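The shown structure was predicted, so the numbers you read here are calculated from the model rather than taken from an experiment.
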Amino acid sequence: MKKIFNSERGFTLVELGIVFGIIALLFGFVTLNLGNVQKVTSINSAIATLVSDMKSQQTKAMVGAGDSGAGNSYGIYFQSDRYILFTGITYSSTNSSNFTIMLGSNIEFVNSTFPDNSLVFLRQSGELNGFTDGMNTIAIQSIQGLNKKTITVNRYGIVTKIN
């Protein structure tokens with residue numbers, strides 16, 4: 001019995017094309033998913049920073065930070081691409097003590113229900129000035145409109161829900 005060996009081993013052009021096509025398709029899915037994870041992470045990071053700044057402003061109002069005994073209210077003013085930490089009962093764009101925090105380049109605030117887009121913590125009590133039920137949320141989302149998260153605050157200045 002004679003064995004016949006095919007000395008030309010390898011893959012055909014069609015087989016190679018199919019394999020490279022599958023690899024390219026998988027690479028595309030991985031790239032898209034990593035981009036989405038980055039967007040979610042940047043929104044979560046912005047929310048963590050905002051919540052931390054809210055607690056800081058509330059603490060300053062409660063202990064009277066930087067006061068000469070009189071006590072001040074402290075607040076946060078929201079714009080679409082930033083928020084501004086301020087001192088006093090109302091936001092004034094000309095106050096030199098204002099501190100601006102920029103959001104990431106791909107995220108923005110939308111649907112603020114806070115009166116005058118401001119969140120003001122009253123001195124000593126730390127409660128929200130002019131709190132009204134139903135007017136206590138702000139949403140943050142990617143510029144493309146994906147991954148929207150809403151922050152809800154109660155009358156005592158506590159974040160009660162992030163969804």
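Residue Arg123 comes nearest to Asn72 through the heavy atom pair CB-O, 3.1 Å, listed as atom of the first residue, atom of the second, then distance. Listed here is the closest heavy atom pair of Ser105 and Ile143: O-CD1, 3.2 Å. Of all the heavy atoms in Asn154 and Leu128, the pair that sits closest is O-CD1, 3.3 Å. Contact detail for Ala46 and Leu103: the closest heavy-atom pair is CB-CD2, 4.2 Å. The two residues Ile107 and Ser42 make their nearest non-hydrogen contact at CD1-O, 3.9 Å. In this structure, Ala139 and Thr150 approach most closely via the heavy-atom pair CB-OG1, 3.8 Å.
Atom CG of Asp116 has 12 or fewer neighbouring heavy atoms from other residues, nucleotides or ligands inside a 6.0 Å radius.
In this structure Ser52 satisfies the side chain to side chain donor-acceptor pair (under 3.5 Å) test with no other residue, sequence neighbours excluded.
Taking the six-membered ring where tryptophan is involved, the planes of Phe109 and Tyr83 are perpendicular, since the angle between them exceeds 60° and thus also 30°. Ring geometry, Tyr77 versus Tyr91: the interplanar angle falls under 30°, so the pair is classed parallel (tilted spans 30 to 60°).
Judged by distance alone, the side chain of Gln58 and the main-chain N or O of Ile158 form no donor-acceptor pair under 3.5 Å. In terms of modelled atom types and a separation under 3.5 Å, the side chain of Glu108 and the main chain of Asp81 share no donor-acceptor contact. Remark: the backbone N or O of Thr41 is not paired with any side-chain donor or acceptor of Ser45 at under 3.5 angstrom. Using modelled atom types, no side-chain atom of Asn98 and backbone atom of Phe86 make a donor-acceptor pair closer than 3.5 Å.
Side-chain atoms of Thr137 and Thr113 include a donor-acceptor pair closer than 3.5 Å. Checking Ser142 against Asn147 by side-chain atom types alone, no donor-acceptor pair falls below 3.5 Å.
We find the CZ-CG distance between Phe114 and Leu119 to be 4.5 Å, quoted to the nearest 0.5 Å. The line from CG of Leu122 to CG of Asn129 is 4.5 Å long, rounded to the nearest 0.5 Å. With rounding to the nearest 0.5 Å, the separation of CD1 in Ile76 from CE in Met54 is 5.5 Å. Note that CG of Asn106 and CD of Gln141 are 12.0 Å apart. Values are rounded to the nearest 0.5 Å. For the atom pair Lys55 NZ and Phe121 CZ, the distance stands at 10.5 Å (nearest 0.5 Å). How far CG of Leu50 is from CG of Leu85: 9.0 Å, rounded to the nearest 0.5 Å.
Of the listed residues (Ile43, Asn111, Ile140, Asn163), just one forms a side chain to side chain contact (heavy atoms under 4.5 Å, CB included) with Lys148, and that residue is Asn111.
In this structure, Phe131 is a member of the same hydrophobic cluster as Val159, with clusters built from ILVMFWY side-chain heavy atoms closer than 4.5 Å. Hydrophobic cluster membership differs between Ile101 and Val120, with clusters built from Ile, Leu, Val, Met, Phe, Trp and Tyr side chains linked at under 4.5 angstrom.
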List the atom pairs, with distances to 0.1 Å, where a side-chain N or O of residues 20-33 and a protein N or O form a donor-acceptor pair under 3.5 Å, not counting sequence neighbours.
residue	atom	partner	partner atom	Å
Thr31	OG1	Phe27	O	2.8
Asn33	ND2	Phe29	O	3.4

